[in-house]
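This report concerns only the one structure given below.
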Amino acid sequence: MKTIPHEKGLPLLGFLPEFRKDIFAMDKRLVEKHGNICSYNLGPNKIVLLAQPDYIKHVLQENYLNYKKDYFYDELKLALGQGLVTSEGDFWRHQRKLIQPAFHRNEITQFAEIMERETKSLAGDWKNNERSNTIIDLTEDMKKLTMKIVSQSLFGTRIFDNSAKLSESINYVIDYLTQRLERYLKLPPNIPTPRNLLFRRHYNNVRDHLLDIISNRHENPGDKKDLLFMLLAAQDEETGLGMSDQQLFDEIMTLFMAGHETTAHALVWTWYLLNLHPYVESQVHDEIENLGEGINSVFKNMEALPYTRAVILESMRLIPPVWGIGREASEDDQINGFLIPAGTTVYIPIRRMHRHPDHWNDPEKFDPDRFLDGTLEKEKRWVYMPFGGGPRQCIGNHFAVLEVQIALAVLASLFQVQINNIENIEFNPGVTLRPKNRVLAKIQVKKVRDSQNKP
Ligand code: HEM
């Protein structure tokens, strides 16, 4: 058996300080020094870093049943229960089979109309901002937008927007989870600290509200073909049974949580890169202007926006909202003759793979052209992984790309988004890869032809 090169870190802490200081610099250093595989300690946890496409494929696809989601996901269970992100084994497989059809490429096109409508509503607000010359917080606006899109797609209404109390509760649940996920040392959630108690109260409020909606839908299914409708209709092929209400709630919370923040950050980072690359930005504007009347219903003209799509894929290469994946080996395994003992955490450094010089020409360059002919995504299957890979690949990948493409096209058709503090934007790799500071942007209305889009 071959020995995995081990980096010796500090006693007890291992590489925790370096990891916290700059995980991306650390990934780069380790991959340059050791190549495909190496190990190190983060506190008491042994981590094996994998930077080779075949090794990654092994973990995410070939032997994925041996690699469970790591300890990080246990925290998520507090709010997501047994939803798709956090469940495992046969239960997960069964749920994935039930839910997958709702995210089929053909099904999600019906949500494109919602994406466009909600973006136009934001555009209306931006027009007012521009008149009063306000500077907006881009991350906040993108989050509000993606939250509205995902709740409209799930329930056919902007549910969290309609009630201040419910909105406060869902925001508390999100903040609480984010903080727990990003803290290394924390008290167990069942200790009655004020924060833990408050979390319980807000979580119960969201749960009661959503269970009420589910129960009303059982009684009056109505004719809305939203995601909730599809989830309610989903039945096991053999038994004919659907999901319990608690399971429906877990899945709804999961789709809501997994579906909005990642997408919001994909949008923010795309604006950021466009600001840094005026030539690419002008190409995007040209492509959108060439849509002519088509801009009035972007969702019907997606095939006319190949460059915008390539920009989004390239943006997620350089700045992937999910920057790494962790798994824990259930049993001893071997990867190309290296022993992976049971209990080891394996780490797939998505962002590093996206910039790995063995796999990309000019890896640090923002060059959307590389995605233009549409073949690269498949060709680099285990190198380019903004949505993960294998059976547990993101269920919302088509939904997300469609959403970012529509939002970008609608907003760029009307506005020039100029980030004021571009020089000071830093990266914060937490649950998602987000900006450390606020992204402040000035919104300028473009001079558009009369026939063009009006929110
Ligand atoms: C740009 C936006 C998005 C990015 C970058 C992203 C990324 C990812 C990644 C990397 C995974 C795999 C995690 C792992 O293997 O540990 C994942 C899983 C998942 N994502 Fe996304 N995601 C995005 C948008 C969405 C949307 C819009 C939805 C739903 C509306 C969604 C729902 C899910 C779910 C349910 C899973 C778990 C799938 C399973 O384990 O079966 N995501 N996502």
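Atoms within each ligand, like the ligands themselves, are counted from 1 in listed order.
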Please classify the [X] to ligand 1 contact at 4.0 Å (heavy-atom distances, strictly less than): side chain, backbone, both or neither.
X: Arg327; value: side chain
X: Lys69; value: side chain
X: Trp323; value: neither

Which protein heavy atom lies closest to [atom], and at what distance to 0.1 Å?
atom: atom 37 (C) of ligand 1; value: Val85 CG2, 3.5 Å
atom: atom 5 (C) of ligand 1; value: Pro386 O, 3.5 Å
atom: atom 40 (O) of ligand 1; value: Arg392 NE, 2.9 Å
atom: atom 39 (C) of ligand 1; value: Arg96 NH1, 3.3 Å
atom: atom 13 (C) of ligand 1; value: Tyr73 OH, 4.0 Å

So, using ring-ring contact (aromatic ring centres under 6.0 Å, His included) as the criterion, who are the partners of Phe338 when residues are at least two apart?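 Applying ring-ring contact (aromatic ring centres under 6.0 Å, His included) to Phe338 gives none.
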### Task
Kindly write out the residues that satisfy salt bridge (charged side-chain N to carboxylate O under 4.0 Å, His left out) with Lys365, not counting sequence neighbours, or none if the list is empty.
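In terms of salt bridge (charged side-chain N to carboxylate O under 4.0 Å, His left out), with neighbours along the sequence ignored, Lys365 is linked to no residue.
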Between the side chains of Ser169 and His202, is a donor N or O closer than 3.5 angstrom to an acceptor N or O?
->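 Judged by distance alone, the side chains do pair up.
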**Asked** Between the side chains of Gln179 and Asp175, does any donor sit under 3.5 Å from an acceptor?
**Response**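 No pair is found: no donor N or O on one side chain lies under 3.5 Å from an acceptor on the other.
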Tell me, please, whether Phe371 has Arg309 positioned over its six-membered ring: NZ or CZ under 6.0 Å from the ring centre and within 45 degrees of its axis?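 No; the conditions do not both hold, so Arg309 does not lie above the ring face of Phe371.
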**Message:** On the six-membered ring of Trp360, is Lys380 placed so that its NZ or CZ lies under 6.0 angstrom from the centre and within 45° of the ring axis?
**Reply:**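 The answer is yes; both the distance and angle limits are met.
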Going by atom type alone, with no hydrogens or angles, which donor-acceptor pairs under 3.5 Å involve a side-chain atom of residues 79-87 and a protein atom two or more places apart or on another chain?
residue	atom	partner	partner atom	Å
Thr86	OG1	Gly81	O	2.8
Thr86	OG1	Gly83	O	3.3
Ser87	OG	Gly83	O	3.1

Identify, by atom number and element, the atoms of ligand 1 in contact range of [X], meaning under 4.0 Å from any of its heavy atoms.
X: Trp92; answer: 39 (C), 40 (O), 41 (O)
X: Ile325; answer: 14 (C), 15 (O), 16 (O)
X: Phe399; answer: 27 (C)

Has Gln405 got a side-chain atom pairing as donor or acceptor with Leu305's backbone, closer than 3.5 angstrom?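 Yes: the side chain of Gln405 pairs with the backbone of Leu305.
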Problem - Protein N/O/S neighbour count - atom 21 (Fe) of ligand 1, strictly under 2.8 Å - result: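 Total protein N/O/S atoms under 2.8 Å from atom 21 (Fe) of ligand 1: 1.
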Name the option, out of Gly83, Gly390, Gly389, Ala266, that contains the heavy atom nearest to atom 1 (C) of ligand 1.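 It is Ala266 whose heavy atom sits nearest to atom 1 (C) of ligand 1.
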